[in-house]
There are 2 protein chains.
Amino acid sequence: MPVNTVQTLRDEIENGIVTGDFKPGSRLDETQLANRYGVSRTPVREALMQLSASGFVEIRPRRGAIVVEIGPQRLYEMFEVMAELEGLAGALAARRCSEADREAIRIAHTQCAKSAANGETDAYYYDNEVFHRAIYKASHSQFLAEQCLALHRRLRPFRRLQLRVRNRLPSSYAEHDGIVQAIFDGDADRTSSLLRSHIVVQGDRFSDLIATLKLHTETPPQEKRIS
Amino acid sequence: MPVNTVQTLRDEIENGIVTGDFKPGSRLDETQLANRYGVSRTPVREALMQLSASGFVEIRPRRGAIVVEIGPQRLYEMFEVMAELEGLAGALAARRCSEADREAIRIAHTQCAKSAANGETDAYYYDNEVFHRAIYKASHSQFLAEQCLALHRRLRPFRRLQLRVRNRLPSSYAEHDGIVQAIFDGDADRTSSLLRSHIVVQGDRFSDLIATLKLHTETPPQEKRIS
DNA sequence: GTCAACATTCTTGTATGCAAGAAGTCGGCT
DNA sequence: AGCCGACTTCTTGCATACAAGAATGTTGAC
């Protein structure tokens, strides 16, 4: 819980976006938000800019901030990158992890086992995060961990949905098991491969299909500013 | 050339950081910057926040912004991630690139050839960027392209240094040649592999060495906020 | 002489006010 | 009657003012 107004606002608005309180495509009026949270427009503006940097909203000059809509195409691209980064983290973890890292992974894995066995989706969702963070940490790459966490955060709502809707708990846990084995065996390639397919559930075919599909239809739904 | 004050300020300060005008570790006083650029403190603050999001500065609550110092450890981590992302972009490009993409890559490659032959480091530096961007585009992953560009931007000063100091022009161009071949052959794995080693010049050994070295020495120089 | 506590000053964080640009509306012209 | 243009209004963007917290310097006591 940050004592800073801006941080609080940022989390609040982000939460609103994630929970669907602020619908994609809707305008976020600075004055309205300022009134809503009982603060001035200045911290609201700063919070919106931070959210813009995180990719949650898009700020068009003189035209206000709108909640970005993540289409299926873009969503797949994000999962694709996530898979690659997680794969790298796993590969590095397999090569570099210390005994303490192994222990942390083992504990997180055991927790996942419990939640999966009881079918507690919410608990598993949390434990799953802990598990993946343990792998990030074991990669001993601070920067990579940061990147992974940022993307993870951005994909959080969709990930949650994924787990809920498709009831992937058992298969997810089974995949974790293989990943843990591969890391403990020090097999970087196998770890990377398993983690990639763990994230991107569908095969490469699907990604290619959508990519070429977009190639033909064109007219990207949102022109994202590179900044 | 953005008409926005904040954007201009952001670029200006970022440039100052890149060129060493603002030294790593030094404080960036809001009032000083405001006076220096003849604007108010408000846009300066917003620019600093954007730079914080990009990882150029670190803002500590109530204690101002300081230029982040990128140590060798972190630098290597960033190159490592960059290599992985470029590898992914290349792999996707090999599978998905259209005729227009191939043409763009060919043209950029030819430009690199000219600059390399003439030994024009600055020109090659620019052409190299165009070349890599062509690959990003050919990956047909907007999100991946954005990530690559952001990291590229962050690593820009170091990359330039790398090219200058080590006189890597000929070998860099030779590597490009292999990459282009692999993409045109549609060989995703080979493209990915070549691009990875193109970015991370040193082998994996070095990364492991530094990682374990950090493991022993500990005391991370800067505690980066994940945000 | 040194250390600690208090006060002062300086900087950041937030609020408000003002100006400029964009969108919606109304009126005139074709 | 429809379309183009000016006007009004609303919102953003920037500046300034004020408050609160941190750093530093000074003074007093041990």
Side-chain angles (χ1 to χ4, degrees), chain A residues 1-14 16-17 21-69 222-225 227, chain B residues 1-17 21-68 222-225 227:
Chain A
M1 57 213 72
V3 287
N4 289 48
T5 308
V6 168
Q7 292 273 334
T8 311
L9 269 176
R10 195 179 75 84
D11 292 345
E12 206 70 38
I13 298 173
E14 183 181 317
I17 293 174
D21 225 346
F22 300 117
K23 300 240 181 300
S26 64
R27 275 172 40 106
L28 292 176
D29 190 86
E30 294 179 357
T31 313
Q32 277 183 17
L33 288 172
N35 290 342
R36 176 170 181 156
Y37 295 111
V39 295
S40 158
R41 267 182 50 227
T42 310
V44 171
R45 276 182 65 79
E46 298 188 348
L48 285 177
M49 292 188 67
Q50 287 199 16
L51 288 172
S52 168
S54 308
F56 282 96
V57 304
E58 186 182 348
I59 296 180
R60 296 163 308 175
R62 293 270 178 197
R63 298 196 53 192
I66 60 170
V67 180
V68 299
E69 177 142 26
Q222 73 259 10
E223 191 76 4
K224 187 67 176 54
R225 185 170 43 84
S227 105
Chain B
M1 53 221 74
V3 288
N4 289 50
T5 308
V6 167
Q7 292 273 334
T8 311
L9 269 175
R10 195 180 75 84
D11 292 345
E12 206 70 39
I13 299 174
E14 182 179 318
N15 222 39
I17 293 175
D21 224 347
F22 301 115
K23 300 241 181 301
S26 65
R27 273 172 41 109
L28 292 176
D29 190 86
E30 293 179 358
T31 311
Q32 277 182 18
L33 289 172
N35 291 340
R36 174 168 182 158
Y37 295 110
V39 294
S40 159
R41 266 183 52 227
T42 310
V44 171
R45 276 181 66 79
E46 297 187 349
L48 285 177
M49 290 187 68
Q50 286 199 17
L51 288 172
S52 167
S54 308
F56 282 96
V57 306
E58 186 181 348
I59 297 180
R60 297 163 306 175
R62 294 269 179 197
R63 297 197 52 193
I66 60 170
V67 180
V68 298
Q222 72 258 11
E223 191 77 6
K224 187 65 176 53
R225 184 170 42 84
S227 106

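Just so it is clear, the values below take in all heavy atoms, side chains as well, and ignore hydrogens, waters and symmetry mates. Chain A is the first sequence line, chain B the second, and so forth, proteins listed ahead of strands; every chain is numbered from 1.
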Open item on the list: Let's see if you can work this out: which of D/dC14, C/dT12, D/dT11 has an atom nearest to the side-chain heavy atoms of B/Val6?
Closed with: D/dC14
- [ ] Produce a footprint string for nucleotides 15-20 of chain D: one letter per nucleotide, 5' end first; B if the base is under 4.0 Å from any protein heavy atom, S if only the sugar-phosphate is, - if neither.
- [x] BBB--B
- [ ] Round to a whole Å and report the spacing from CE of A/Met49 to P of C/dT14.
- [x] 15 Å
- [ ] Apply the test side chain to side chain contact (heavy atoms under 4.5 Å, CB included) to residues A/Val6 and B/Met49: give CA-CA distance (whole Å), side-chain angles for both, the deciding distance (0.1 Å), then the verdict.
- [x] CA-CA 11 Å; A/Val6 168; B/Met49 290 187 68; 4.3 Å; yes
TODO: Could you check how far CD of A/Glu30 sits from P of C/dA15, rounded to whole Å?
DONE: 13 Å
Task: Within residues 31-41 of chain A or reaching into it, pairs that qualify as side-chain hydrogen bond (donor to acceptor under 3.5 Å, both in side chains) - sequence neighbours excluded - done: A/Glu30-A/Arg41
TODO: Please state how far atom CD in B/Gln7 lies from atom P in D/dT12, giving the value in whole angstrom units.
DONE: 17 Å
Open item on the list: Nearest whole Å is fine: how far is D/dG21 P from B/Ile59 CD1?
Closed with: 19 Å
Task: Whole-Å gap separating C1' (D/dC14) and CG (B/Asn4) - done: 11 Å
- [ ] Evaluate the side-chain proximity of A/Glu14 to A/Leu51: yes if any heavy-atom separation is below 4.5 Å, no if none is.
- [x] yes
TODO: Any chance you could measure B/Thr8, atom OG1, to B/Ile13, atom CD1, to the nearest 0.5 Å?
DONE: 10.5 Å
- [ ] Starting at atom CZ of A/Arg45, determine the distance to atom P of C/dG13, rounded to an integer number of angstrom.
- [x] 17 Å
Task: pair A/Pro61-B/Gln7: side-chain heavy atoms closer than 4.5 Å - done: no
Task: Value in whole Å for how far the P atom of D/dT12 lies from CZ of A/Arg60 - done: 11 Å
TODO: Could you tell me whether the phosphate oxygens of C/dT11, OP1 or OP2, come under 4.0 Å of any side-chain nitrogen or oxygen in B/Arg63?
DONE: no
Task: Whole-Å distance separating the CD atom of B/Gln32 from the C1' atom of C/dT11 - done: 11 Å
- [ ] Taking A/Ser52 for its side chain and A/Leu48 for its backbone only, find out whether a donor-acceptor pair lies under 3.5 Å.
- [x] no
